[in-house]
Every structure is written in C-alpha cells, then in structure tokens.
Q: 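Before anything else, here's the structure in question.
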Amino acid sequence: MGDVLVWLIWFLAAGGLLASGAAVVSVSNPFYSALALIANLASLAVLYLLLSAEFLAAAQVLVYAGSVMVMFLFVVAYLGGRADAPWAGGPPLLRTAALVAAIALLVEVVVVLGLAWGDNLSDPAEISAAFGSPGAIGELFLTDHLLAFEITSIVLLVAAVGGVILGTTPRRRGENEHRREA
Amino acid sequence: MNAAVTGAWVCLLAPLAGALAITLAGERISRRTAGWISTLTTFVAFAGALDAFIRLWARNHGDREVLSTAYTWLAAGDFEVGFQILVDPLSTVMMLVVSGVGGLIVWYSMGYMAGDDEERRYFAYMSLFVFSMLLLVEAGNFLLLLVGWGLVGLASYLLIGFWHERAEAVAAAKKAFVVNAFGDATFALALVLLVWETGTLEYPSVFERVDGLSSTIVTLVALGLLGGAVAKSAQIPLHTWLPDAMEGPTPVSALIHAATMVTAGVYLLVRTSPVFEAAVEIQHLAAILGAVTLVAAGLIALVQWDIKRVIAYSTMSQIGYMFLAAGIGAYGYAIFHLMTHAFFKALLFMSAGVVIHHLHGEQDIRRMGGLRAVLPRTHVAFGVGTLALVGIPPLAGFWSKDGIIASALATGGVLGWSLYLAALVGALLTGMYALRLYFAVWQGPPRETEDEAHTHASGQSEGPLSMLVPVGVLTCLSTIGGLLVVPGLWKPFEHWVEESAEALVHPTVAQDYATSVVAVALGLVGVWLARRAFEHGRQLVTDPTAWRILERKLYVDELYDAVFYRPAAALAVTLRQDVEGPVVERSLDEIGAGTLHAGGELSRAQSGLLRTYAITVAFAVSVLVVVFVAVR
Amino acid sequence: MTQRVDWWVSLLQAFVVINIVMGGFAYLTLAERKVMGRMQLRYGPNRVGPYGLLQPIADLVKLLHKESFRPAAAIDWLYLLGPFLAAFTALATFSVIPFGPGWEIAGVYVPGQVADLDIALILIFAIGSIGAYGFIVGGWASDSKYALLGAMRTCAQLVSYEVALALSVLGVVIMAGSLSLTEIVAAQADSTWYVLPQIVGFLVFLLAGTAETSRAPFDLPEAEQELVAGYHTEYGGMRFGLYSMAEYINLITLSGLCVTLFLGGWHGIGFTPDWLAPAWFVAKVAVLLYVFIWMRTTLPRLRYDQLMRFGWKVLLPVATLNAVVTAILVVAL
Amino acid sequence: MSGPGVGWYLILSAVVFGTGALGVMLRRSPLIVLLSLELMLNAANLALIAFARQQGDLDGQVFALAVMAVAAAEVAIGLGLIVALARRDLPLDVDQASALKG
C-alpha cells in the first residue's frame, strides 16, 4: 500500500511540477508566472521529500518560495503595468530555432537517459536515517566543500553590494529602502 | 626559564616597542617625546643587557650558554627554525656595546637633530636599527642571524638616505644597499648550502656537523659567510659604500657606520669561527683582506678633505685590524678591539658632529682650523679619541690594537710575518692621518668660515647638554676602556669572550710588550710626521701622482664602473635597440593588430540580444552532447 | 526516542488542537478589547453575556451573516485564495509546537505535539514565509491602491524582519544543538531556560516577532490613518474574518514558539506532573500575549523608514553578533 | 526505496529544464526570462538531489544548496537590473535591450 501511495504522491507532484512549469513559461502576466513558479517550487519540495532530502525541501520553501519569490512579487507589483511585455515575437526564424533547440536538448537527454537506464539507474543506494539531515549537510559544507561554501558566501556578498548599488540611483535616492532586501 | 634570558628578551624587544610606539603614535606625540621614547627604550635595552650579563657572570664557568626559544617559527618536515635567542658571553658583550653605545648616540641625536623636520621618522628608524642590531647579535640560529643581518641593512639604507631631498644621500643609500645586498646574497647562499648539507641552521648542530662535510662545501660556505661579512664591514673589495654613507646624519655615522653595524662582519667571523676553522684558507683570506684594507684605507685617509670621510676610512682601517685578528684566530682581541673601537670611534664621530653642528654643516677640513679656542671641551674629547685611535697608552686603542699585532707576531710563518708588517704599517699610517685631521681642525689660525660662524653664533656654547653628556661618557670610556686587558696582568675580557670562541693564538707577554714598543714608536713617528707637515704647511703625500691615485680611492669605483656597470649598461642598450624594439615590440604590434582585426570581425556576432545568445548556447550544448555520446 | 503514533491519533489530535487554537483566537480578540479598554480607562465589551464573554460568538455570527461582496475589478480566484492561504499557513505552523511531554491514555500513546520533526524550526519559518503570500496575493488581487500599498508594505516588512527573526533563534539552536523543538525543550530542562543566556536573542526575537505579526508599534501595513485597513481593505464578512484569524493565530503561534525556544516550553518551575504540562504552556503563552497587547496600547507607531532602518541596521547586526558570540562561547566552553 | 526510480526523476528534470530553456529563448519580458532561468536551475537541482539519493552520497545535496544560494543572488541582481531599467523609463523587453552589442 505504501508503494502505491508513494507513486500517487509522485504523480501528483510531477503533474504539478510540469503544469506549473508550463504555466511559468506560457502565461502573459508576470505576476501569474511568478505564482506558477511558487507552485512549481512547492511541487519540487514534495519531490525532494520523496528523495529523503528533508532539509533541502524546507530550505527550498524557506529561502526560495519564502523570500526570493516574495521579492519577485514585490517587484512585479511595484512595476505594475510596466511589467507587461509582448509575449514573444521577433523574427519567426528565431522562434523556430528556439523550439528546435529546446526539443533537441530534450530528446538528447531522454536518449542519454534511455541508454543508461538499465545499467546504473535502477537500484538506489542504502541510506541511513541521517541522510539529508542539516547536521550531515553542514558537516560536508565545512569539511569537503569548504571552498565552495566560502565562494558561495562571497557571491552572496557581491550580490548584496550589487543590489545596493543598483538600488541607489542618483536621481531618486529615497526609493532604495525597498531594494535592500536583496 | 632563568632570568638571564628575561633580561636578554627585554633587551631585544624594548627598542622594537620604541620603534612601534613612535611609528604608531605619529603626530600625536611631540618630536621631543619621540626622541625620549627612543632614548629611554634603548637604555632599557641596556639595562636588560646588563642584567643578562650579570646573571651570566654569576653562573659557573662553562655553563654560560643559554638558548631560549619563544616559539617554532618555521617548520618544514624535519627542518625547524625557532624564534630563539642565544645568550652567551659573546652575545652579552655585543648586547652591551650595541645598547650602551647606541643609547648614548640616540641621546646625542636629540641635540643634534633638534629642529629637523622629520625627527619622529629619524628616531623610529634609530630604534628600528637598534632592534635589528640586537636581533643580529642575539640570534640563536643562522636564519634569525640573517634576518637581523638584512634588517640592519634596511635600517642603514633608511638612515643614510634620511635626508631624502639630497640627491647624494639617496645615491649613497642605494649604493650601500646594493653592495650590502651582494653580501646578503652570498650569506644566504651559504645558508642554503648549510641546509642542503646539514639539514639544520642551529649553531651547535651546524658546528658539530661541519667537520663531516667535504672540504669544497665547507670552503664554499665559509666563502659565502665571508662575503656577507666583507660587505657589511666595508672591507676590500666591497668597501666602496662606506665613505659615501657619510651623507647620512652624523649620529648615524657614529652608530651604524662606526660603532655597531659595520662591525657585524667581525661578530659573524667570531660567532661562526668553527666553520672558518674548518676552512682555514678562507679564514686566512679574511685576515689578508683585513690587512690589505687596513693599509689601503689608511693611505686613502691621508688625502681626504671631508672630516667625516677621513673618519670613515679610519673605520675601515680599524675594522681591517679586527678582520686580521679574527682571521688568525685571536677572537678575544677582535671583539676587544671592536668594543674599544666602538668607544673611541663613536667619540670621534660625535665630536666631529659637534664641530659640524657648530659650523652649520661645514665638513671640509680646509675650511676649519683653530677651533680649539672655540670648542675647548670638544677639543679634549676629540684629542682623547685621536690618541686612542693612534694607540697611545694608556688609552683604549692601545691595549686592543697592540694585542692584535702581537697575535699576528705569535702566529708566525710567512703569513704571520706579512700580517705583522702590514699591521705595523697601519699603525704608522694611523698616526699620520689621525693627527693630520686633528691639526687641520683644531690647531692653526681660524679660517674664514669659522669667523662667519663665530660672528653668527656668538655666545653659542658647544651644544645642548644631550650632546655633551654622551660625548663626555664616551671620553671616559675611551680613556679607561682598554684596561680590561693588560697583558701579563689580567685578561678578564679576553677570557670572557673566549668562552664562546676559543682563540687559536696566544701571544706571550714578551711578544706583547715588544710589539707595543714598536707599534707605539711607529704611531709616534706618524704623529711626528703629521706635526712636521702641518708646521710646514704642506700635505703628508707630496707626490702628485700618488696624491691623485689616493684621491681617486685607488680607482676602485672606476674599476667597478668599467667592469660591471658599463658592460651591463651597454648590453641593456643593445638589447633595447636590437631585441626589444624590432623583435618584441614589433611582434606585439602585429599581435595587437591581428587581435583587433579578428575582434572587429567577431564583434558582428555580438548582437547584444539575450535571446540569440540563449539559442546559440542551446544549440552548442546539443551539438556537444551528440559529440560526447558519439565519442563514448 | 519517538514512539510510534497511530495515524488516527494524529488526526484526532490535530482536530482538537485546531479547535483549541481557534477558540483561543476568539477569546484573544475579546481579551485584547477588554485589556485595551481597561488601559484606556473604559470598560470594553460587556453587553453580550456575563462580562461580555459571549462577544466573540456574536462577532462570528455577524461576520457569517454579512454579504460577501467584492470589487468588480478584483481577480476572482486570487481574491478568494488570499485569506484561505493566510489562515491555512497560520494554523499549520502550530502543528509542530510541543505543549506536553506525551501521554499514555488507555494504552494509546498520545504525543506532546501534532507532528515531531527533526527540522521543526525550519519548517515553522518555511510555512510562516508562505503565509506572506496570503497577504500579498489578496492585496494585489483586490485591485485597489490602498490594498496594494498595504500588501507591499507587508511584503517588505515580513521579508526584512524574517532575517532578524531567524538569526535571533540561531543562538538557541547552537546551544541546544538541534533544530527539533522537542529536543530544544529537553535541553532547557537539562540546563536552564534559554531566556537567561540568550537574553539578547530573546529580545530580538520578541521585537522581530512583533514586526512579523504586524503588531503595534510595527503595524505599518494596517496603519488606518494612511492606508484605511491595508491589504484587507476590500475584504468583508468571513473573508475578513479569516485574515483577522490568521493574524491572531500567528501571534499565538509566535508566543508558543517563543515559550518553546526561550522559556522552557511546557516545563514548569519545580516539579510538574505530566498532565499539568499543557497548563504551564498555556499560562506562559498567555503572559506573552498580554505583553503584546500591553505594547499595543503603550507604544506609538513607527514611521516606515524608521521601521526599515531599525530592522536592517539594529536588529540584524545585533542578532548576527549574538549568534557569533554564542557560537564562539559554545565552542570555547 | 519504494516508488519511482531515479530515472523517472531525471526525465522529469529534463522536461522541466527544456521548458525553462524554451521560456528563456522565447519570452521577451525580462521578468519571465528570469523566472524561466529559475526553472532551469531548479530542474538541475532536482537532478542533483535525485543522483544524491541514488548514490547515497550527500554531495549532490550540498551542490543543490549552493545552487539555491547562487540563484537567490542571481534573482536579487536580476530584479535590481529590471527595476533600474524601469526607473530610467527604458522598455522592459529583452529584444530592445542591446547596449552590449559588439
């Protein structure tokens, strides 16, 4: 019964993921697009839980859905009518090329996956209860991946400084209070 | 840990603290405060040195060697170097000399430098120098010794070029630095060889293993060390920087270029004597270089006109004696002469400083004369210094210099006799140039500049108290400082130093006194010659060719110019014209033009549109995936 | 450590807890009106029932009977989604807060909270941050200037103070060495209530929490003099009721969290029998709620730039410093 | 692990990635381009975490966390740019922003 339940949840989450992903790309209003991405993130969080990545699921919801996307909605609301841009357009050649490229990528990935399917994608490893816990991930970050951790922190710092500078325009100084959330 | 080491650490760190305090305080303290900080920290260092000395004295004979490690400074595999100091009889003597004489000179500087625009910088440099010199003499291993060695070079460079708006001072500082860097390089190479061959830089283990090395290696190591010593101590052939270094302030000349730094070479020879004893040829080479230097410098000193340059050549000459002593293994006398020389040479420089101060910067002895009436106390001090230099008993120079000459006699053989003769010639020359200087400055009728100065500064005394007291102290020391070694009577100093480095020769009492008679007689002959020349109003060197050769300092500078500088400059010009221009620059131009052209063509692909980029990337990736899959 | 819990027990427990919390919300509104009344030298509601005790019921009935109108330009489904999202997340957060040690009732194990998770603390913040969407979506969908401005203020304020809030808790996490609320409570029983060593964290948490729940003096999003009623200007009837409920339940949850993290959770002073644990928990929460009401009647509202400056330039550095110092001390001692 | 194998997650990830790529290549609103980019990053994250589960090795999760942090930074800067564009009354249309043209 548990097996069926997992499959059911997987199908629901996968369906949500695909549908919301399609919505992100296709709707014309950025506000809806952002909402769709939030739904997408929620579906992803469910999938992460199925993959025993509890901490990542929570972090995803907290950081991504909770803060980043709130900021996104904030900006969309702030821009109001100016946020609307033409859906697509440009030369039809460009559109065709884009479609061809995307489909080519997709087909290739599926083909590559199909080639590898039988060999080593079938049986997942045994894992302990601590798999995906904050403690285990934190320890990895401070030992094996310390450099990556430090570089990430520098990237964040640079982004924070960049955000402040972008928000501080000489023309209207008073408005940059909101931008600091970056 | 025992207290002897505490004093030594205090001695080492007090001047550093002073230098840091002055530097960090900047303009928040007055110039005078800066001077006091520097002076007092140096005297604190002296107190520490005294403490260390007394406590070491109290220990048993043969147990007077304490190594104190603060922490492991460098470690690479088995190789370890600690930040450590060595307190033994030799280093305590050096500590006392450096901090004691140093303290007096820094104190003197407060009067001499008063009113200079950058006194704070000056005192910070002085403290830095004292720290570096103490680090050099207290260093507990070769690497730390090299650190101190380099730092004194730096401090010397900074202080020679202290008046950096004067082109000559800057040039002299550069010259000193370059020549010293040459010595530092050979020194460092010697250390590299040592690490390579013995795997350690600790004194005891190096000295222990040095006998096991091949003679080539030992010779090379000794040669490298000697190179460092020769450059630092301004011995021929690396002596050219010292006379030029007189561009610095006079207290600097007294401290660095007479009393302490230039004698570091002698200290090195004595400290590392086991290495030199394992490479006898090189040790003898040191003695020979010393002998050559002491004669050549004495000769050049006969014809110089600049008061400070005369004293500078005299310094070279006296250090030649010390090298001679260290080279034949008379370590006790080498260090003894180092100490007495520090007293009377610092005294000479400081008295000369009073004269220069009085004459508002005039240094040419042709424009001096008859100052005895104006500066009576300085005259006495200068006179004592001169007689001590010449080696008239019972002044300090007599005891130490004659000990060296007697040791040369005791060595015997062709080498010993040649050195003996050279040293005696040196004694004669010393009498001549020292008295020539003395008469030119103090006796005779006053010259015109002096008149001007007199009218300008009517009522001016011989300088502030801070200048006179150190001069007085040094006068006393120059008078009685030599009594620490009286042949046949007692030799506490020699025994003390020789606990660190056992001497190879011990002159008999008879040799000692016989030498003294000859040497003093020769000195007096020199004095008599100078007196006669002065009375007849002519120079000591009358032959114009000889005069010219000596005035051009034996053409060493010209030789270096011709051998090293000109070929290098010519090569550089050739390379610039024939390689840099046509080959390198032209090719760069071509590459640049080609890149520019290619860039111009390629830039047409840069549409600036996000979507075209994204599509291009996507296509590229899909192609790459196909390639990778196909290749696998 | 964790005993197996039957799924129907959890379901039943969730039902009970939700109802208790909703009841708590109802009487919190009454308590707030009464307390504020007394502080402002008036009586507060006292007509419906003895001492006005039935006032919440009357309010509920009124809200339910109101006509549910909405602006013509509002975006239907988002306009409806907003209040539900807000109320749902507010209720969901309470599920991980422990209010007792767990009991054995008639052979069935009943845990001390609805769900015991290793990462409960992160989960609370995660769900809490989702709650912000209820406000911004509702405000945006109303298609009204006041509502939009209120929503944007809420948005900025929530995101800003969430950082300080999360950082203020870090000290507790470092000291307890766990993100699990039950373990944090247990760690406090072993040592001391973290309000003592973490007094700085506690104060920052209290201030940032006040801002997170948009309570006075940080109630900028609903500043009635400037914005009518903020993001729920265009809401009426039970939809307004849901927003109101979300805010009050958030306040209760925050107080519960504060009790759990800093005030020893359900542990009492001295020996506490297991059955009395929830009472201690409720008592501590009640005290905190009283403090919040007290603050509302006492302190004047901040200006918006002051609010932002306070959050970023005061609370955030203090919280960071607190976390760093705590980390150093924990490692050093 | 009961339920779907890693391959299913990977296919899912590929499809979402393709969708995101399509959005980046087709849409003209910079906001939606940014959102599509996030979609692509998340698809990559899903693949990383799926592999982490399959290998029983947390490295993949660590990378995913780093990707999240970088994505947050990227959104912050992207939004900053968009707001800066809007403040200068420039059109919010990636086809009209070609100042970097060579």
Side-chain angles (χ1 to χ4, degrees), chain A residues 1 5 29-32 34-35 37-39 41-42 45 48-49 52-81 83 129-138 142 160 164 173-182, chain C residues 2 75 77-78 81 85 89 96 117-137 139-141 143 145 147-163 166 173-174 177-180 231 303-309 311-313 316:
Chain A
M1 182 219 154
L5 194 63
N29 189 330
F31 196 88
Y32 290 123
L35 286 180
L37 188 65
I38 295 165
L41 292 169
Y48 289 175
L49 283 178
S52 322
E54 289 93 3
F55 175 68
L56 247 76
Q60 156 112 335
V61 173
L62 176 62
V63 174
Y64 233 125
S67 304
V68 173
M69 293 315 293
V70 169
M71 200 166 74
F72 213 103
L73 287 185
F74 182 92
V75 168
V76 175
Y78 169 76
L79 292 178
F131 188 80
S133 73
I137 292 179
L142 292 181
V164 170
R173 208 164 254 284
E175 272 181 321
N176 54 33
E177 295 288 345
H178 310 297
R179 298 288 321 122
R180 296 273 167 81
E181 290 111 62
Chain C
T2 42
I75 299 152
W77 64 278
L78 284 181
L81 182 67
L85 204 54
T89 54
V96 292
L117 296 173
D118 285 344
I119 51 168
L121 197 52
I122 297 184
L123 189 78
I124 285 190
F125 283 116
I127 297 179
S129 62
I130 294 291
Y133 290 116
F135 306 131
I136 188 168
V137 163
W140 191 75
D143 199 32
K145 280 190 182 58
L148 184 64
L149 284 176
M152 287 178 67
R153 279 190 175 187
T154 314
C155 224
Q157 184 172 332
L158 288 189
V159 172
S160 302
Y161 279 83
E162 197 175 320
V163 185
V173 174
I174 292 170
S178 173
L179 289 167
S180 157
Y231 57 88
R303 221 171 49 218
Y304 196 73
D305 59 322
Q306 291 170 334
L307 172 96
M308 279 297 163
R309 194 171 301 133
W312 286 108
K313 294 188 177 172
L316 182 61

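Residue numbers begin at 1 in each chain, while the letters A, B, ... track the order of the sequences.
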Q: Hey, are the side chains of C/E162 and A/L62 touching, using non-hydrogen atoms and a 4.5 Å cut-off?
A: yes
Q: With under 30° as parallel and over 60° as perpendicular, where do the rings of C/W140 and A/F31 fit, or are they tilted in between?
A: parallel
Q: Could you tell me if the side chain of C/I119 sits less than 4.5 Å from the side chain of A/P134, heavy atoms only?
A: yes
Q: Got a second to check how far A/F74's CZ is from C/I136's CD1, nearest 0.5 Å?
A: 8.0 Å
Q: A/S67, A/A59, A/A65: which one forms the most heavy-atom pairs within less than 4.5 Å of chain C?
A: A/A65
Q: What's the separation between atom OH in C/Y133 and atom CG in A/L73, rounded to the nearest 0.5 Å?
A: 6.0 Å
Q: In Å and rounded to the nearest 0.5 Å, what is the CD1 to CD distance from C/I122 to A/Q60?
A: 13.0 Å
Q: What part of C/L158 gets within 4.5 angstrom of chain A, counting heavy atoms only: side chain, backbone, both, or neither?
A: neither
Q: What closest approach, in Å, do A/A58 and C/A126 show between heavy atoms, and which atom pair accounts for it?
A: O-CB, 3.9 Å
Q: Counting heavy-atom pairs closer than 4.5 Å to chain C, which one of A/I38, A/V63, A/L35 comes out on top?
A: A/I38
